[in-house]
Amino acid sequence: MNKPIRTLSLFTLLLFVALLVNVTVLQYVQADELNADDRNRRVVVAAFSRERGAILAGRDPIAESVPSDDEFDFQRTYPEPLRYAHTTGYFSYYSQTALERSQNEVLSGDDSRLFVTRLADLLTQADPQGGNVQTTLVRDAQVAAYDGLRALGEDTQGAVVALEPGTGKVLAMVSSPSFDPNRLASHDLGAVTQAYEELEAREDQPLLNRAIQTTLPPGSTFKLVTAAAALEEGLYELGDQVPGGDTYQLPLTSGPTGLLDNGGRSCGSETVSFTQAVANSCNTTFLAMADELGVEALQDQAEAFGFNAEYLDALPAQAESRFPGDLDQAQTALAGIGQSDVAATPLQMAMVAAGIANDGVVMKPYLVDEVTSPDLDVLERTEPTELSRATSPATAEALTEMMVATVSSGTATPAQIPGVDVAGKTGTAQSTPERPPYAWFVSFAPADDPQVAVAVLVESTDVARDEIAGGALGGPIAKAVMEAVVNR
Amino acid sequence: MSATSAVPAQSGVLGFVHRRRRGAELFLLVLALAVGIGAYVAVGIGVEGEVPTDVLGYGGALTALLVGAHVLVRFTAPYADPVLLPVVGALNGLGLAVIHRLDLATDSSDAAKQLVWMTLGVLLFAGTLLLLRDHRVLQRFTYTSGLAAIVLLLLPLLPVIGNEVRGARIWINVAGFSFQPGEVAKVLLVVTFAGYLVLHRDALALAGRRVLFVDLPRGRDLGPILAMWLVSLGVLVFQRDLGSSLLFFGLFLVMLYVATERAGWLVVGGGLFAVGAFFGYQAFGHVRRRFDVWLNPFDHYGPGTDDTAFQPVEAMFGMAWGGLLGRGFGEGSPERVPFAESDFVLAALGEELGLTGVMAVILCYGLIVERGLRAALVCRDAFGKLVATGLALVFAVQVFVVIGGVTRLIPLTGLTTPFLSYGGSSLVANWVIVALLLRISDQARRPVPDLSDPVGSGDDEATQVVKAVRA
């Protein structure tokens with residue numbers, strides 16, 4: 001009977017090998033997938049119980065975990081909830097957003113770079129602790145941006161983005177209306193669900209980060225791109241006279257529907273100086289210029305500034321700014337003044353300003369400056385990287401000069417800072433006739449040594465319709481943000 | 001350390017004498033105790049942050065039981081396999097620690113009860129070794145144990161003492177204690193099958209007609225045991241105990257194969273299993289549901305579904321959460337899996353001790369099976385061979401079915417994980433199985449008492465010795 005017993009032992013060996021292989025598949029191969037499943041409450045509870053690392057703006061924590069004596073060991077709190085809500089995001093039992101989501105590996109301590117720390121925790125039986133995320137945000141700039149938007153009224157919808165032109169650091173990013181992430185991070189799960197449903201139901205969409213998720217026609221601020229294309233193509237130079245006049249008939253149209261004017265601003269009879277055209281935001285000039293350049297040149301220039309792409313890694317779910325390539329002649333002319341199908345996020349327009357400020361080089365924007373271990377050892381520091389070379393230094397210098405004139409004597413005078421040369425450009429964009437226009441403002445300062453570039457978008461506000469203009473609404477906010485950085 | 005020098009030099013294969021190796025057993029037992037007590041301390045530190053205050057009492061009890069068993073083996077079965085007892089001790093100690101850990105999470109006291117059952121198991125282990133000095137005596141009880149097995153299997157169907165738990169009517173309640181008679185029945189069935197097959201193996205292997213390339217035995221040879229097997233299978237089907245049905249089926253089939261040395265039985269049996277599985281799938285709603293839950297567990301998990309896969313999916317999540325090294329005792333949430341202390345104890349272990357722990361446990365089971373089959377190989381009589389094979393196989397199939405079910409290799413069936421799961425009947429029955437395996441291996445490894453005995457014609461010898469014992 002020994003032969004069947006030997007055969008049998010081989011068979012049982014197979015059974016056990018099958019068990020070993022299967023359990024390896026389950027606990028090693030499939031483990032990541034199963035742990036990533038939202039329904040795996042263990043992961044959520046463990047993450048919720050863990051001492052998550054802090055998110056910092058300067059030296060101030062804007063998200064941190066404090067000990068809690070209920071069923072979860074730690075409570076996530078946001079000391080300045082409204083100002084930073086859209087950059088920190090929230091850490092709820094059900095989901096995470098923004099930095100809480102993109103930096104989750106570090107914050108939770110699961111990052112492989114924290115392996116040594118984890119091992120030490122394991123050996124000392126200490127509770128695992130997450131690493132910290134140091135943002136590039138500057139508190140004073142963030143405060144100025146948020147408070148500036150809120151000063152326009154309770155119902156203001158808009159966004160502000162400030163960048164450091166030389167590096168791409170995001171110095172400020174706010175969106176209004178904001179929300180309180182503390183309510184969503186609460187351990188009272190019923191209250192969290194209720195708070196979330198309330199926020200979702202609101203028409204003004206407080207959960208939306210308008211700085212990166214809203215694309216709207218950039219209006220006259222886009223004239224900077226058109227001007228850049230004209231300079232790059234050699235169509236005009238800084239001192240040249242450019243087409244002007246009081247009205248412009250769109251190509252392929254006739255009659256009053258295709259006739260555009262300058263809203264009463266002075267743009268010469270036939271021609272106007274390039275500088276004055278920018279300073280007074282002459283529609284007739286840039287409509288004609290866009291027509292002369294053609295859609296391809298405009299699209300190339302827009303894409304060189306970052307349109308039709310995503311570039312900010314730290315925040316999920318961003319919208320791509322848009323410059324379509326299939327425009328007819330009339331649409332192309334309109335695109336030259338930031339209308340038609342052109343749409344940009346405030347971040348994108350800040351990058352246009354920053355690119356000009358940085359001698360034509362657009363830096364890749366980033367929000368995470370450093371990642372540190374719980375003991376504050378730097379694990380990784382973000383190195384500034386070039387996203388694209390949008391214009392030559394000469395073009396950038398010419399644009400700067402015209403933007404400085406815009407602030408000193410043009411439409412952007414509300415952004416003037418005593419003793420500092422500011423470069424700026426206003427925009428007031430139409431969407432549909434039924435709703436008020438969007439107010440845009442982009443600027444950077446100081447013009448000769450740029451430290452900050454800002455874009456302001458006011459999507460809607462309580463202000464009376466005929467008072468809505470980029471300079472009047474956006475200018476003071478941009479000025480406050482620039483001052484906060486320059487006087488840092 | 002040199003193994004060969006200690007063996008007296010004798011010539012020829014028959015001159016080979018196994019060493020007793022009781023010292024090795026004691027050394028391994030110390031390691032096993034370190035596993036059991038260490039796990040208990042780790043649970044205390046992991047869950048409550050301090051060494052448990054009762055560790056001396058607990059460790060003392062565990063040590064007393066295992067060392068006591070070892071001393072008994074020294075005297076009653078000195079040539080027995082030295083690996084079995086330590087492996088079993090380590091598994092039992094680890095099981096107690098995991099159950100204790102779940103107790104702390106769910107505020108129950110199953111570990112204390114399990115320790116009582118373990119004591120009873122070790123006592124029965126001792127009783128078996130003391131009373132049964134020669135396993136061949138069991139052959140006399142072939143039919144008695146068959147009848148006892150049937151009666152035991154029928155007990156849960158009785159109105160008063162029978163008890164249905166989670167859809168399976170396999171429990172009896174006597175004086176506040178619940179017991180699964182099937183666990184004991186499986187040992188009795190092994191004895192019955194072995195005793196019957198030893199007597200009829202020649203007839204089964206040689207006599208019969210050839211139908212469609214298959215040699216069928218005569219009805220009078222196979223009939224009685226087939227009938228008995230069908231009854232036990234039928235009982236289990238009515239009790240909805242799929243795991244045990246599969247266990248008994250596999251047991252019967254493989255013992256038939258070993259006894260007759262005809263691989264054709266496995267083919268026929270495999271075909272029958274396929275047919276049975278198909279009809280079971282068609283006829284029984286609960287079998288269909290099990291299959292569906294097995295194939296698409298995530299369709300049956302979470303809000304908005306019938307949530308029938310809650311247990312297996314939670315187990316998968318838990319084991320994945322454990323990963324390679326596990327969360328460590330007290331750091332996971334094994335109590336999320338319903339019945340983590342019994343059927344799903346392996347999921348709890350996988351979550352807190354990781355793939356490493358699960359592999360160690362599977363390898364321990366592999367060792368037990370391997371040691372059982374080894375005893376069968378070296379055993380000199382056919383009955384002992386069959387009993388040892390059957391017991392090793394019961395173990396192997398049970399481990400495969402339950403671990404495969406928990407880890408979703410095969411559809412889930414309710415069975416206990418030997419020595420780890422909470423449950424008295426299983427623990428007691430498994431300790432008796434170990435005692436039987438030790439007894440057989442002791443007989444097998446013991447030096448042949450009289451070299452003039454015709455070794456090799458095991459069958460004749462078996463009957464002679466039984467007669468001798470009777471005399």
Side-chain angles (χ1 to χ4, degrees), chain A residues 1-50 71-73 94 108-110 112 115 118-119 121-128 193, chain B residues 45-46 49 201 254 257-263 266 298 301-302 313-314 316-328 331-333 336 346 350-351 354-355 358-359 362-363 365-366 369-370 373-374 376-377 382 385-386 388-389 392-393 395-397 399-400 403-404 407-409 458:
Chain A
M1 285 191 279
N2 280 1
K3 189 176 166 289
I5 294 176
R6 286 180 203 282
T7 316
L8 191 65
S9 48
L10 278 180
F11 173 70
T12 52
L13 179 70
L14 277 182
L15 288 186
F16 279 88
V17 167
L19 286 180
L20 289 172
V21 169
N22 184 58
V23 80
T24 306
V25 168
L26 181 64
Q27 295 200 265
Y28 183 71
V29 181
Q30 295 181 341
D32 288 345
E33 189 191 331
L34 288 166
N35 284 334
D37 195 304
D38 290 342
R39 294 171 293 187
N40 192 346
R41 291 289 105 185
R42 279 178 184 75
V43 184
V44 179
V45 170
F48 228 59
S49 296
R50 201 181 292 180
E71 57 180 312
F72 306 107
D73 296 340
Y94 303 102
S108 66
D110 288 335
S112 54
F115 179 74
R118 269 208 316 272
L119 207 63
D121 287 342
L122 197 71
L123 295 177
T124 58
Q125 283 278 324
D127 288 325
T193 309
Chain B
I45 293 175
R201 58 188 285 238
V254 174
Y257 160 61
V258 173
T260 61
E261 303 200 10
R262 283 209 204 165
L266 293 180
F298 288 96
Y301 175 80
V313 171
E314 279 297 333
M316 283 164 68
F317 278 160
M319 295 187 78
W321 183 229
L324 285 185
L325 296 174
R327 291 281 138 190
E331 305 296 326
S333 327
R336 287 189 63 87
L346 201 85
E351 180 170 354
L355 178 61
V358 174
M359 282 200 160
I362 294 177
L363 290 178
Y365 285 130
V369 174
E370 184 257 351
L373 291 173
R374 174 175 290 209
L377 275 180
K385 272 181 188 301
L386 275 175
T389 310
L393 196 82
F395 226 88
V397 174
V399 165
F400 179 75
I403 297 185
T407 59
R408 213 167 82 85
L409 181 62

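Naming convention: chains lettered A, B, ... in sequence-line order (proteins, then strands); numbering from 1 in each chain.
- Between chain A and the residues B:L409, B:L373, B:V358, the most heavy-atom pairs under 4.5 angstrom are made by B:L409.
- To the nearest 0.5 Å, the span separating CZ on B:R374 from CD1 on A:I5 amounts to 13.0 Å.
- Annotation: maximal heavy-atom pairing with chain B below 4.5 Å, among A:V45, A:L20, A:L13, occurs at A:L20.
- B:V399 is listed as a side-chain neighbour of A:L19, based on a closest heavy-atom distance under 4.5 Å.
- The closest side-chain heavy-atom distance from B:E351 to A:R42 is below 4.5 Å.
- Of the two parts of A:N22, only the side chain, counted from C-beta on, holds a non-hydrogen atom closer than 4.5 Å to a non-hydrogen atom of chain B.
- Atom CG of residue A:L26 and atom CG of residue B:L355 lie 9.0 Å apart, to the nearest 0.5 angstrom.
- Here A:N40 contributes atom CG and B:Y301 contributes atom OH; the two are 7.0 Å apart, rounded to the nearest 0.5 Å.
- Under the 4.5 Å side-chain criterion, counting only non-hydrogen atoms from C-beta, B:M359 is in contact with A:T24.
- When all heavy atoms of A:A18 and B:F400 are compared, the pair lying nearest together is CB-CE1, 4.4 Å.
- Looking at B:F298 and A:D37, their side chains come closer than 4.5 Å, going by heavy atoms from C-beta outward.
- For a residue to count as touching a neighbouring chain, one of its non-hydrogen atoms must lie under 4.5 Å from one of that chain's; by this rule B:V258 touches chain A with backbone and side chain alike.
- At a 4.5 Å heavy-atom cutoff, B:V313 makes no contact with chain A through either its backbone or its side chain.
- Here ring-ring contact (aromatic ring centres under 6.0 Å, His included) pairs that include residues 11-33 of chain A, with residues two or more places apart or in two chains, number zero.
- Here B:G354 is the residue among B:G354, B:G328, B:G322, B:G332 with the most heavy-atom pairs under 4.5 Å with chain A.
- Neither the backbone nor the side chain of B:E370 has a heavy atom closer than 4.5 Å to any heavy atom of chain A.
- Neither the backbone nor the side chain of B:L346 comes within less than 4.5 Å of any heavy atom of chain A.
- Under 4.0 Å is where a charged nitrogen must lie from a carboxylate oxygen, and between B:E314 and A:R41 no such pair does.
- Interface residue A:T12: only side-chain heavy atoms are found under 4.5 Å from chain B.
- With contacts defined as side-chain heavy-atom distances shorter than 4.5 Å, the pair B:M319/A:V23 qualifies.
- Contact count versus chain A (heavy atoms, under 4.5 Å) is highest, among B:I362, B:V369, B:T389, for B:I362.
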